[in-house]
Amino acid sequence: MATITAPATVVPEARKPFKWGNVGTVAVMVVIILWCLAPFYWMLVLAFRDNQATFSTDVWFSHVTWDNFRYAFNTQYNTFGRSLLNSVIIGGVVTALAMLFGVFSGYALARLVFRGKGFVLAAILGASMFPGVAILTPLFQLFSSWGWLGTYQALILPQISFALPLAVYTLTSFFADMPWDLEEAARVDGCTQGQAFRKVILPLAAPALFTTAILVFLQSWNEYLLSSVLSNGKATVAPSTVAIVNFTAGPHIVPYTQTMAAGLIVTVPLVIVVLVFQRRIVSGLTAGGVKG
């Protein structure tokens with residue numbers, strides 16, 4: 001005779017208590033986002049606003065015009081277009097040199113054992129914290145005696161001194177956490193140390209190299225203090241940060257909205273780069289966090 005089994009009783013899942021801490025976390029995140037994005041939003045609004053309505057209290061887009069962007073590239077009053085090219089040249093050279101020396105320095109500091117390595121790392125970290133204003137006057141006097149004021153090399157060399165510590169320290173941390181067994185396996189298979197570095201280490205370090213290069217380029221692109229003095233007022237070498245400060249929109253016109261348009265032109269490429277390569281940036285920043 002078949003046995004009839006009673007259906008299993010479904011026990012309702014206990015309702016999780018509401019956590020007010022989550023509300024506080026979300027509220028703090030919203031405040032931080034608004035605090036960071038509010039200035040950019042206001043710059044965006046003014047960039048498209050007619051200069052006559054600069055002091056309008058409208059928080060939305062009003063008195064919309066494209067004239068501000070046409071004024072930004074008006075060579076009669078500004079050299080803004082040339083300054084963008086200068087920023088690309090300076091940032092590209094600074095990034096290339098910082099990465100060239102940073103890769104080998106970071107690898108040596110992570111892989112080699114020598115006396116005073118901790119002191120070298122501390123000195124590199126200390127150099128990145130050194131205020132630029134403290135060396136501005138000596139650099140001005142030195143470059144003036146060399147005849148370098150208003151030249152590309154006067155703007156590139158000081159920036160390398162600040163970009164190189166960032167590159168070296170970031171890459172040293174990454175190389176130190178890499179699985180060195182792969183390099184040793186390549187040496188066993190017949191590779192020289194240089195071949196193992198080129199064929200094994202560099203491909204594995206690609207995310208960190210990419211991230212470091214972006215950070216160095218952004219640092220160079222945003223630099224203003226040294227460039228404002230060492231460019232010596234020459235528009236042919238001044239970067240975009242200096243050109244915006246000296247921005248004009250015509251006689252008897254205070255260029256509020258035109259300056260905002262120029263600032264938007266300088267900012268948008270950086271935002272696009274970060275958004276497009278955000279996955280690579282995140283993977284590069286976290287790549288050295290886990291040992292293989």
Side-chain angles (χ1 to χ4, degrees), residues 33 36-37 40 84-112 120-121 124-125 127-129 152 155-186 191-224 226-227 239-241 265-292:
I33 292 174
C36 296
L37 294 183
F40 178 78
L84 291 176
L85 178 61
N86 293 336
S87 293
V88 172
I89 294 174
I90 295 172
V93 175
V94 169
T95 303
L97 293 178
M99 293 302 298
L100 176 63
F101 292 103
V103 167
F104 293 106
S105 300
Y107 177 81
L109 290 172
R111 191 73 174 97
L112 303 180
V120 173
L121 287 173
I124 292 174
L125 183 60
S128 64
M129 299 179 181
Y152 281 122
L155 303 179
I156 292 173
L157 290 180
Q159 291 191 34
I160 292 177
S161 65
F162 291 99
L164 193 56
L166 172 64
V168 171
Y169 196 77
T170 303
L171 294 175
T172 299
S173 300
F174 177 80
F175 283 132
D177 290 333
M178 287 189 65
W180 295 107
D181 294 342
L182 297 177
E183 183 186 11
E184 294 176 357
C191 289
T192 63
Q193 187 169 4
Q195 290 174 334
F197 175 77
R198 179 169 52 89
K199 296 181 179 181
V200 177
I201 300 301
L202 284 184
L204 291 176
L209 298 179
F210 192 86
T211 302
T212 306
I214 291 179
L215 295 177
V216 170
F217 183 82
L218 293 181
Q219 183 186 58
S220 175
W221 183 273
N222 294 323
E223 201 282 323
Y224 168 73
L226 296 175
S227 299
S240 58
T241 52
I265 294 172
V266 172
T267 305
V268 166
L270 304 183
V271 175
I272 294 176
V273 168
V274 173
L275 291 178
V276 171
F277 299 107
Q278 60 178 334
R279 291 187 178 181
R280 287 182 173 270
I281 294 175
V282 173
S283 64
L285 291 175
T286 59
V290 180
K291 293 185 178 181

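Only heavy atoms go into these numbers, but all of them, side chains included; no hydrogens, no water, no symmetry mates. All values reported here derive from a predicted model rather than from experimental measurement.
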| Which atom pair, heavy atoms only, marks the closest approach of L164 to F101? | CD1-CB, 3.8 Å
| task | Please name the pair of heavy atoms, one in P165 and one in I160, separated by the smallest distance, quoted to 0.1 Å. | result | CD-O, 4.1 Å
| message | Does either side chain, that of S87 or that of S240, offer a donor lying less than 3.5 Å from an acceptor on the other one? | response | yes
| query | At what distance, to the nearest 0.5 angstrom, does OG of S161 lie from CD1 of I156? | reply | 12.5 Å
| task | List the steps and the verdict of side-chain contact (heavy atoms from CB on, under 4.5 Å) for L226 and L155. | result | CA-CA 7 Å; L226 296 175; L155 303 179; over 6 Å; no
| Value rounded to 0.5 Å, distance of CZ in R198 from OG1 in T192 | 7.5 Å
| field | Stepwise side-chain contact (heavy atoms from CB on, under 4.5 Å) test for T170 and T211 | value | CA-CA 9 Å; T170 303; T211 302; over 6 Å; no
| query | Would you call the rings of F197 and F175 parallel, tilted or perpendicular if under 30° counts as parallel and over 60° as perpendicular? | reply | tilted
| note | Nearest heavy-atom approach of G91 to S220 is CA-OG, 3.3 Å
| said: Counting only heavy atoms not in F104 (residues, nucleotides, ligands), do more than 12 fall under 6.0 Å from its CZ? | reply: no
| note | On a heavy-atom basis, the closest approach of A167 and A98 is CB-O, 3.9 Å
| task | Show the numbers, then the answer: is there a side-chain contact (heavy atoms from CB on, under 4.5 Å) between L202 and L209? | result | CA-CA 9 Å; L202 284 184; L209 298 179; 4.1 Å; yes
| Checking side-chain contact (heavy atoms from CB on, under 4.5 Å) against Q159, which of I90, V216, V93 comes through? | I90
| message | Test your reading of the model: is there a side-chain donor-acceptor pair from T241 to the backbone of E223, 3.5 Å cut-off? | response | yes
| query | Excluding sequence neighbours, so at least two apart, what forms ring-ring contact (aromatic ring centres under 6.0 Å, His included) with Y152? | reply | none
| request: Measure the spacing between CG of L121 and CG of L109 and express it to the nearest 0.5 Å. | output: 5.0 Å
| A110 to T172 - nearest heavy-atom pair and separation | CB-O, 3.8 Å
| said: Just verifying a value: how many Å separate L171 CG and L166 CG, rounded to the nearest 0.5 Å? | reply: 8.5 Å
| Would you find more than 12 non-hydrogen atoms of other residues, nucleotides or ligands less than 6.0 Å from Y169 atom OH? | no
| field | Point-to-point distance, once rounded to the nearest 0.5 Å, from CG of L100 to OG1 of T95 | value | 12.5 Å
